[in-house]
Protein chains: 2
Amino acid sequence: MSPKKPNGISTTPCQHCPLRDLPHFRDFSSPELDFVSRFKTGELAVESGSVILMEGSHSAHLYTVLHGWAFRYKTLEDGRRQILNYVMPGDLVGLQGTVMGEMQHSVEALSPVTLCVFERSRLNNLFTDHPTLAYDLTWIAASEERMLDNHLLSIGRRTALERAAYLIAFLYSKAKAVNLIQGQTPIPVTQQHVADTLGLSIVHTNKTLRKLVDRDLIRWTDKGCLVLDNDGLSHVAGWQSDEKRQRPFI
Amino acid sequence: MSPKKPNGISTTPCQHCPLRDLPHFRDFSSPELDFVSRFKTGELAVESGSVILMEGSHSAHLYTVLHGWAFRYKTLEDGRRQILNYVMPGDLVGLQGTVMGEMQHSVEALSPVTLCVFERSRLNNLFTDHPTLAYDLTWIAASEERMLDNHLLSIGRRTALERAAYLIAFLYSKAKAVNLIQGQTPIPVTQQHVADTLGLSIVHTNKTLRKLVDRDLIRWTDKGCLVLDNDGLSHVAGWQSDEKRQRPFI
DNA sequence: CGGGACATTGACGGCACTCAAGGGGAGTGG
DNA sequence: CCACTCCCCTTGAGTGCCGTCAATGTCCCG
């Protein structure tokens, strides 16, 4: 089930990928599975807080998250940071670097993270031999774009309270779909992360989150944010959630 | 050169597409060109101000802009609008609707716009028979994502003045690359558009743009925004164009 | 000539920023 | 076991950026 590689790291064979069973992801045909399992060249395990990909780097790899939380971000020269999106199991990381030559953003782990490593050089084969997977890639990119659209709408046009509620409800539902949250698992972010996502200062973020706490919608713990009332959050955010549909991943 | 279709609309054959000659776009092989020209089923001409695609619609079509300016946007229920990005010749429109079933944003023309119309149903052939074009699609989607990342950074972390300067410099350079701007062509936006892009009120947008006018960086005309000093704008925005940035290495 | 779209400007209030100080928990070292 | 440090959350005070309201001017068009 978990064969040891020469370096002693145990890897998960794609045939037994735990994500594949989730209803969130579409089923793969046998040839697709074969290809992906040859496409995968190893696994990468990083600890919480480490930088997985760096803005400006030229990575030869492409990753899919297997376990854990991470986030994408950009920074201005004076240090101002903007978190762009959060990355969870099944999400692709590093496509920009692969397709466009150079990473335009960084990726950092929010928890211990395991990634499947793919060889950039074999990406051509994916397009030539597996059109269904190529379509999936486009699907994934379009879907990522949709999330950014929503985030942009949020930062640009929602109030601070709406923004905060929207972000947490979004993270909650996305994490739930990939079993990252079961029962009372907190979302492993600090208020600094929330602030850098919402485009607010940390002080004002604290005061805004406090309102959500006072309304019994969330609770803040030393491990992160606990969601108590997701419907209440969505209501504050003025958000009717999209229908849950199956999506592909690679 | 411009054969008349039965409906009387003259169309541009892909073999003589004026965009193809721009250095901004890569050359197509003959088979690619043949496919695209069969993929294209017609042209759509809309006037300034009309809505090309509507949020929530299920369009059977996919478009590429041939002439003109447009923009993508989303609205909240109470009418607050966020402009997500601007669309210019060579840009793909409607991929989300095609790939994900339903449009999650709207698209509106800023000027008279001509679009090439593609049949959604033939998209499969693109993936199965033309891997290089499939790769291009992914490239385009990744590139769009990169622009959204930058826009998000801007709205979230730049000051109002920086934001405005960045937006105008961005539009200017993008338009220049596809010959939409030659000499003294204005960017055909109102201050309301700028406000809805930057996430500011129209009053404050006006006062911010005034500062750029007072510094002789732009001029505002009844047709839109004239760029007088693009380098000056980039400087205010704190924007080193991508090529000049320092990058880390190991 | 009236009406609509857009730019402009002033007044005023509030949301969000910076500065500053303090508390609690976890980890480290004496 | 207790200081000490670091990180994170919390709260108050004061300032200012930016939002709303309101009024005016210009241009275009019916």
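Naming convention: chains lettered A, B, ... in sequence-line order (proteins, then strands); numbering from 1 in each chain. Everything numeric in this text was worked out from a predicted model, so none of it was measured.
- Listed by first and then second residue, the side-chain hydrogen bond (donor to acceptor under 3.5 Å, both in side chains) pairs involving residues 182-193 of chain B are B:Thr190-B:His193, B:Gln191-B:Asn206, B:Gln192-B:Asp196 (not counting sequence neighbours).
- Contacts with DNA chain C (heavy atom under 4.0 Å) in residues 196-204 of chain A: A:Gly199, A:Leu200, A:Ser201, A:Val203, A:His204, listed by number.
- Taking for each of A:Asp222 and A:Leu161 the nucleotide of DNA chain C with the nearest heavy atom, the 5'-most of the two is the partner of A:Leu161.
- Cation-pi contact between B:Arg158 and B:Tyr166: present, with separation from the ring centre below 6.0 Å and deviation from the ring axis of at most 45°.
- When side chains are defined from C-beta on, B:Val107 does not count as touching B:Val51, because their heavy atoms never get closer than 4.5 Å.
- Look at A:Asn206 and you won't find any side-chain N or O under 4.0 angstrom from OP1 or OP2 of D:dC9.
- To the nearest angstrom, C1' of C:dT18 lies 14 Å from CZ of A:Arg80.
- Within the helix from C:dC1-D:dG30 to C:dG30-D:dC1, the inter-axis angle between the opening and closing five-pair segments is 30°, rounded to 10°.
- Every residue two or more places apart in sequence or in another chain that forms a side-chain hydrogen bond (donor to acceptor under 3.5 Å, both in side chains) with B:Asp91 is listed here: B:Lys174.
- Per the geometry, CD1 belonging to B:Ile218 stands 13 Å off C1' belonging to C:dA7, to the nearest Å.
- Nucleotide D:dC8 holds its C1' atom 10 Å from the CD atom of A:Gln192, rounded to whole Å.
- For B:Lys176, the side-chain hydrogen bond (donor to acceptor under 3.5 Å, both in side chains) test picks out B:Tyr172, with sequence neighbours left out.
- Scanning for salt bridge (charged side-chain N to carboxylate O under 4.0 Å, His left out) contacts around B:Asp231 gives an empty result, with sequence neighbours left out.
- Across C:dC6, C:dT9, D:dC9, the shortest atom-to-atom separation from the side chain of A:Thr190 is found for D:dC9.
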